[in-house]
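Below you'll find the structure, written out as structure tokens, and then a few comments.
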Amino acid sequence: MSASPAHKFSNPRARYNFQGRTCSITGVGSYVPAKILTNAELEKLVDTTDEWIITRTGIKERRLAAANEFTSDMGAKAALRALKRAGVTAAQVDLIIVATITPDMPFPPTACLVQQKIGARRAAAFDLEAACSGFIYGLEIAQQFIMSRTYDTVLVIGAEKLSSIIDWKDRNTCVLFGDGAGAAVLQNRPQAHGLLTAVMGSDGENADLLFMPGGGSRCPASTESVNARLHYLRMNGKETFKNAVQAMYTAARESLRRCEIDISQIRCVIPHQANRRIIDAVGERLGAQPAQLFVNLEKYGNTSAASVAIALDEAVESGRIQRGDLILLVVFGAGLTWGAAVIEW
Ligand code: ACO
């Protein structure tokens, strides 16, 4: 086992009267569909090049769900892997939270479909919509339920079938996104390691930077809305980029400040996997060494709410994170929304 960075930190939760409760991540899991879409294949769909996509984003390929494979299927597969690693049965789960912007249907909640697929009969289940930031929002909500003694075992899932809302004629967006799911089991483990703090933030003033105009109450589906291509994601990439760097940096700083730690004490920074240049800019502003940053976006692109959940699972599985390490998750998405979390693994 590699040595942990020396870490003395303050646990912000200790301020509250939470004696005997700690919210630990006891298992993680992920699932990505088998089908790979390469940059070379995208060159045949839109006016782009492998070279442009790699230099401007760092993405080499992304995964696409099959026609009969939905967000709930991917979420259920990731969840079963996380439960297995945690040594927990589906029947023990008290609550399922699915973070997604691509639910199987507007309702019922995709979380209920996951509940049925994994057989978690006792669980309450709901969806959470905070775009790419959803997984950290989910971790914080799970933690609140656990610390308040409402629940002991919560399953948080980030799952997306973004290929279902991509305009495959829009080169500005279609090269960026992919499908997949990641999951974490959070449990009360007295005196154990766990989630130390989570920062969440939003800015509705910039809601128009990244959105899908059609399909909601403002613009229900109609022949006109389909013809106008309103049921696809739209993004102002440049402005989103600028806001992402600033918000991720600020949220990360705040989470470190709350724990009274320095970036050098963080073993692994797991940022939202949207764009290599965003990750590098945030890392640089935080003063992180390149080796501290976990990056897997070259394989998957941006999987929105699934992004840091998949990355966390890969970081654990590959041995990048060891017991006792401090890790920093930091995310950004439509809303705008953002967040950061410090975890003692
Ligand atoms: N291939 C070739 N050229 C392209 C492509 C492409 N795939 N896409 C855009 N271009 C062109 C543009 O048309 C533009 O050409 P023009 O100057 O003739 O108009 C040129 O490249 C430069 O475009 P920019 O937008 O300036 O490129 P930029 O360097 O900003 O990169 C990108 C674009 C990759 C989209 C970047 O802005 C970005 O990553 N933004 C943030 C995305 C993000 O973080 N999303 C997170 C949230 S996602 C969620 O919540 C679901």
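Whatever order the structure lists them in is the order used to number ligands and atoms, beginning at 1. Since the model is a prediction, treat every value here as computed from it, not as a measurement.
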Does a donor on one side chain and an acceptor on the other come within less than 3.5 Å for [X] and [Y]?
X: Arg189; Y: Thr22; result: no
X: Thr153; Y: Gln187; result: yes
X: Ser30; Y: Tyr300; result: no
X: Ser148; Y: Thr150; result: yes
X: Glu160; Y: Ser304; result: yes

Shortest protein contact, [atom] (heavy atom only):
atom: atom 24 (P) of ligand 1; value: Lys238 NZ, 3.7 Å
atom: atom 9 (C) of ligand 1; value: Asn172 OD1, 3.1 Å
atom: atom 51 (C) of ligand 1; value: Cys132 SG, 3.3 Å
atom: atom 23 (O) of ligand 1; value: Trp52 CZ2, 4.5 Å

Check: Above 12 or not: heavy atoms from other molecules or residues under 6.0 Å from CZ of Arg277?
Finding: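 More than 12 heavy atoms, drawn from other residues, nucleotides or ligands, come within 6.0 Å of this atom.
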Below 4.0 angstrom, counting only protein heavy atoms, does anything approach [atom]?
atom: atom 14 (C) of ligand 1; result: no
atom: atom 3 (N) of ligand 1; result: yes
atom: atom 28 (P) of ligand 1; result: yes
atom: atom 20 (C) of ligand 1; result: no
atom: atom 17 (O) of ligand 1; result: no

Next item on the list: Using a 4.0 Å heavy-atom cut-off, say whether Val46 meets ligand 1 through its side chain, its backbone, both or neither.
Entry: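 None of Val46 does.
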Checklist line | Location of contacts on Ala274 toward ligand 1, heavy atoms closer than 4.0 Å | finding: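 It is the side chain that touches ligand 1; the backbone stays farther off.
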Check: side chain to side chain contact (heavy atoms under 4.5 Å, CB included) with Thr250: which residues, sequence neighbours excluded?
Finding: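 With neighbours one apart ignored, the set is Gln246.
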Atoms of ligand 1 close to [X] [distance to a heavy atom under 4.0 angstrom, numbered from 1]:
X: Thr57; value: 34 (C)
X: Asn302; value: 46 (C), 48 (S)
X: Ile278; value: 41 (C), 44 (O)
X: Val175; value: 7 (N)
X: Met235; value: 35 (C), 42 (C), 45 (N)
X: Arg277; value: 28 (P), 29 (O), 31 (O)

Taking N or O atoms only and a 3.5 Å limit, does [X] qualify as a polar contact for ligand 1?
X: His272; value: no
X: Arg171; value: yes
X: Arg56; value: yes
X: Gly237; value: yes
X: Thr48; value: yes

Note to self: My understanding is that we take every heavy atom of each candidate and find the minimum distance to atom 32 (C) of ligand 1. Doing that for Asp47, Ile59, Leu162, Asn275, which one comes out nearest?
What the structure shows: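 It is Asn275 whose heavy atom sits nearest to atom 32 (C) of ligand 1.
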Sole residue of [options] in side chain to side chain contact (heavy atoms under 4.5 Å, CB included) with [X]:
X: Lys161; options: Ile101, Asp179, Thr100; result: Asp179
X: Tyr232; options: Asp170, Asp167, Thr173; result: Asp167
X: Phe126; options: Ile141, Thr110, Ile96; result: Ile141

Margin query: Under 4.5 Å between side-chain heavy atoms, counting indirect links through other Ile/Leu/Val/Met/Phe/Trp/Tyr residues: same cluster for Phe135 and Val185 or not?
Written below: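 No, because Phe135 and Val185 fall into different hydrophobic clusters, even though each may have its own neighbours under 4.5 Å.
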Note to self: Within the structure, is a non-hydrogen atom of Ala334 found at a distance of less than 4.0 Å from ligand 1?
What the structure shows: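 The answer is yes: ligand 1 sits under 4.0 Å from a heavy atom of Ala334.
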Check: With a 4.0 Å cut-off on heavy atoms, does Leu210 reach ligand 1?
Finding: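 It does; at least one heavy atom falls under 4.0 Å.
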Next item on the list: Determine, for Lys77 against Asp73, whether the closest basic-nitrogen to carboxylate-oxygen distance falls under 4.0 angstrom.
Entry: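 Result for this pair is no, no salt bridge flagged.
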Checklist line | side-chain hydrogen bond (donor to acceptor under 3.5 Å, both in side chains) contacts touching residues 46-60 (sequence neighbours left out) | finding: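 Every pair satisfying side-chain hydrogen bond (donor to acceptor under 3.5 Å, both in side chains) with a residue in residues 46-60: Asn39-Asp50.
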Next item on the list: Specify whether Phe145 and Tyr151 have parallel, tilted or perpendicular ring planes, treating 30° as the upper limit for parallel and 60° as the lower limit for perpendicular.
Entry: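 It falls in the tilted class, 30° to 60°.
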